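Each remark here refers to the structure printed beneath this line.
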There are 2 protein chains.
Amino acid sequence: MTFGSYVRTTREDLRARDKRFSLRQVAERIGVEPAYLSKIERGDVAPPSEATIRRLAADLGQDSDILLAMAGKVSSDLQTIIRARPQLFAELLRQLREMPDDALLRVVREVRDGDW
Amino acid sequence: MTFGSYVRTTREDLRARDKRFSLRQVAERIGVEPAYLSKIERGDVAPPSEATIRRLAADLGQDSDILLAMAGKVSSDLQTIIRARPQLFAELLRQLREMPDDALLRVVREVRDGDW
DNA sequence: TGTCATGTGTAGTATATAGAACACGTTTAC
DNA sequence: GTAAACGTGTTCTATATACTACACATGACA
């Protein structure tokens, strides 16, 4: 599923219960032109900037990291974390690439709960 | 130290032993105009693209992840890894942000050597 | 049945990115 | 002592990014 169609589906689901989730009203709340949001949802243009994606995610109640990933982007704060120690994080991420979800989840929990 | 001055210093160190590391010859090997590399080294323009940084790192015998980080970038392959599982990696990276180098290194080794 | 909101088509814009091309004065090497 | 190599100043360009502005047809709904 593309970024645009995901946004459209999510917004229309919300709209079925709340008419304030019309394209125009969402566009106004997140501070873009309706025509632009229309084109984004239809994939007529590339996904918007990180800042706009964040406002959109907040308005639609979605996880911004997921929405950013669908847009082909990585949150700039994560990039900053990596850039601070590029070799360590590069090795770690390349190690974790092959790992199945459940193993990765164990690592995340171990890091969260263990004392390192 | 900036990207440019780091490249210049590294290149001039190499040049002291090997005249093939003149600005012009490095520029030719990595496929850019000498004037452009000159401006990069002096910080007159922004760091070049990821592809050019990779060629430069290879030519100078440097770690491309480090050079990319100095350029304010994160390797696109690492970004691809994160985008494949954005929530898990976002949580992990934000957990690891505060961790001191030696603790992070232990995590990296544990992930490399342990069976997850 | 008029009006108000809705979604969309077309055109245009400002800024950033990522360089190339050429000319020039200065060293360096033979 | 001159030809080749060197580093750099200036100008220009092509493409991508991230939108705005305006107009228009359609639909809801009172």
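Throughout, protein chains are lettered first and strands after them, A, B, ... in sequence-line order, and every chain is numbered starting at 1. Please read these numbers as outputs of a predicted model, since none were measured by experiment.
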Within a reach of under 6.0 Å around CD of A/Glu28, are more than 12 heavy atoms found that belong to other residues, nucleotides or ligands?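 Not more than 12 within 6.0 Å, no.
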Around A/Arg106, counting heavy atoms of other residues, nucleotides and ligands shown, do more than 12 lie under 6.0 Å from its CZ?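 Atom CZ in A/Arg106 is packed in, count exceeds 12.
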Contact class for A/Val32 vs. all strands (heavy atom < 4.0 Å): base, sugar-phosphate, or nothing?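 Sugar-phosphate, no base atom in range.
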Keeping the roles fixed (side chain from A/Ser38, backbone from A/Pro34), state whether a donor-acceptor pair exists under 3.5 Å.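 Pair absent, no side-chain N/O of A/Ser38 close to backbone of A/Pro34.
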When you get a sec, tell me which of C/dG7, D/dA21, C/dA18 is the closest nucleotide to the side chain of A/Glu33?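 The answer is D/dA21, which lies nearest to the side chain.
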With respect to the side chain of A/Arg15, which nucleotide from C/dG7, D/dG7, D/dA18 is positioned closest?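 Within the option list, the nearest is C/dG7.
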Which pairs, protein N/O on one side and nucleotides 8-15 of chain C N/O on the other, fall under 3.5 Å?
residue	atom	partner	partner atom	Å
C/dT8	OP1	A/Arg8	NH1	3.2
C/dT8	OP2	A/Arg8	NH2	2.7
C/dT8	OP2	A/Ser38	OG	2.8
C/dT8	O5'	A/Ser38	OG	3.4
C/dG9	OP2	A/Arg42	NH1	2.4
C/dG9	OP2	A/Arg42	NH2	3.3
C/dT10	O4	A/Lys39	NZ	2.8
C/dA11	N6	A/Lys39	NZ	3.4

Does the side chain of [X] get closer than 4.0 angstrom to OP1 or OP2 of [N] through an N or O atom?
| X | N | answer |
| --- | --- | --- |
| A/Gln25 | C/dT6 | yes |
| A/Lys73 | D/dA18 | yes |
| B/Ser49 | C/dG19 | yes |

Selection residues 107-116 of chain B - residue pairs positive for salt bridge (charged side-chain N to carboxylate O under 4.0 Å, His left out), sequence neighbours left out: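 Counting only pairs at least two positions apart or across chains, the salt bridge (charged side-chain N to carboxylate O under 4.0 Å, His left out) contacts touching residues 107-116 of chain B are A/Glu91-B/Arg112.
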Any side-chain donor paired with an acceptor under 3.5 Å for A/Ser22 and A/Arg11?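 Side chains of A/Ser22 and A/Arg11: no pair found under 3.5 Å.
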Residue whose nearest DNA chain C nucleotide is more 5′ - B/Ala46 or B/Gly31: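 Closer to the 5' end of DNA chain C: B/Ala46.
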